[in-house]
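First the structure, then my questions, so here it is.
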Amino acid sequence: MTAESQGLHEWFDEDAGPVVRPYAVTGGRTRTETEFDLIALVVATQPAVALKLGLAPEHIGIVRLCQHPLSVAEISAHLSLPIGIVRVLLGDLLDDGLILTHQPQAMTQATDQRVLNAVINGLRSL
C-alpha cells in the first residue's frame, strides 16, 4: 500500500503552497514589554472597521475577535498561531491603544488545606 493510497501526501517546495514562518509575522520579535498571562482577557477598544491602514492581517484578526472579551489562549487557538506570536502581536496592539487587557489577579494567600482535601475527595467520588 502506497502513501498516496493511504491518503498521505508529501509536499515539497512549491507544492506546499505559501508558507509563512511565525517569526515573519512579528518581524523576528519574540518578546514584548508587557507580560500576557494565558487566561488574561483581551477586548478591543474600537470596531475592526475603524482601524487605521498599515496593520498586519493578524493584528486586524485579533481586533475582530476581541470585540467581546477573549483570553490570550482563545485568541491563539482561533488564529492558529503560537502563543508567543500572539503575545507579541497583543503587545503591538496594546502599545497602539487598540486593546485593553484584564490580567488575572494573583493569589495573595495560600489555599486552605481543608479546601484542597475537599476538592480531592470530591473528585475521587466522581
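What you are looking at is a predicted structure, and each value in this text was computed from that prediction instead of being measured. Residue numbers count from 1 along this sequence.
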From CD1 (I83) to CZ (F36), nearest 0.5 Å
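CZ of F36 is found 11.0 Å from CD1 of I83.
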
From CG (N121) to CG (L116), nearest 0.5 Å:
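It comes to 11.0 Å.
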
same_hphob_cluster(L70, L41) at 4.5 Å side-chain heavy-atom cutoff:
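Not linked; separate clusters.
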
For residues V42 and V72, determine if any side-chain heavy atom of one lies less than 4.5 Å from a side-chain heavy atom of the other.
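Yes, their side chains come closer than 4.5 Å.
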
When rounded to the nearest 0.5 angstrom, what distance separates CG in L90 from CD1 in I62?
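Here the rounded value is 4.5 Å.
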
Are L126 and I120 linked, directly or through intermediate hydrophobic residues, by side-chain heavy-atom contacts shorter than 4.5 Å (ILVMFWY only)?
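I120 does not cluster with L126.
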
Rounded to the nearest 0.5 Å, how far apart are CZ of R87 and CG of L94?
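Answer for the CZ-CG pair, R87 versus L94, is 14.0 Å.
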
Quick one: does E74's side chain have a donor or acceptor within less than 3.5 Å of a partner on S71's backbone?
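Yes; at least one donor-acceptor contact below 3.5 Å.
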
Would you say S76's side chain and V86's backbone share a donor-acceptor pair under 3.5 angstrom?
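No, because the side chain of S76 does not come within donor-acceptor range (under 3.5 Å) of the backbone of V86.
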
State the CG-CD distance between L93 and E58, to the nearest 0.5 angstrom.
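Here the interatomic distance stands at 11.0 Å.
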
For side chain to side chain contact (heavy atoms under 4.5 Å, CB included), just list the numbers for V43 and I99, CA-CA rounded to whole Å, side-chain angles, deciding distance to a tenth of an Å, and then say yes or no.
CA-CA 6 Å; V43 65; I99 61 168; over 6 Å; no

Test side chain to side chain contact (heavy atoms under 4.5 Å, CB included) applied to D92 and L89, step by step:
CA-CA 5 Å; D92 295 343; L89 296 173; 4.3 Å; yes

Atom pair CG (L38) and CD1 (I75), whose distance is rounded to the nearest 0.5 Å:
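Atom-to-atom, L38:CG and I75:CD1 are 11.0 Å apart.
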
Side chain Q67, main chain Q46, donor-acceptor under 3.5 Å
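Here the side-chain-to-backbone pair exists.
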
D96: side chain to side chain contact (heavy atoms under 4.5 Å, CB included) partners, not counting sequence neighbours
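By the side chain to side chain contact (heavy atoms under 4.5 Å, CB included) rule, D96 matches K52, L55, L98.
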
Q103 side-chain N/O to E35 backbone N/O, donor-acceptor pair under 3.5 Å:
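Such a contact is found between Q103 side chain and E35 backbone.
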
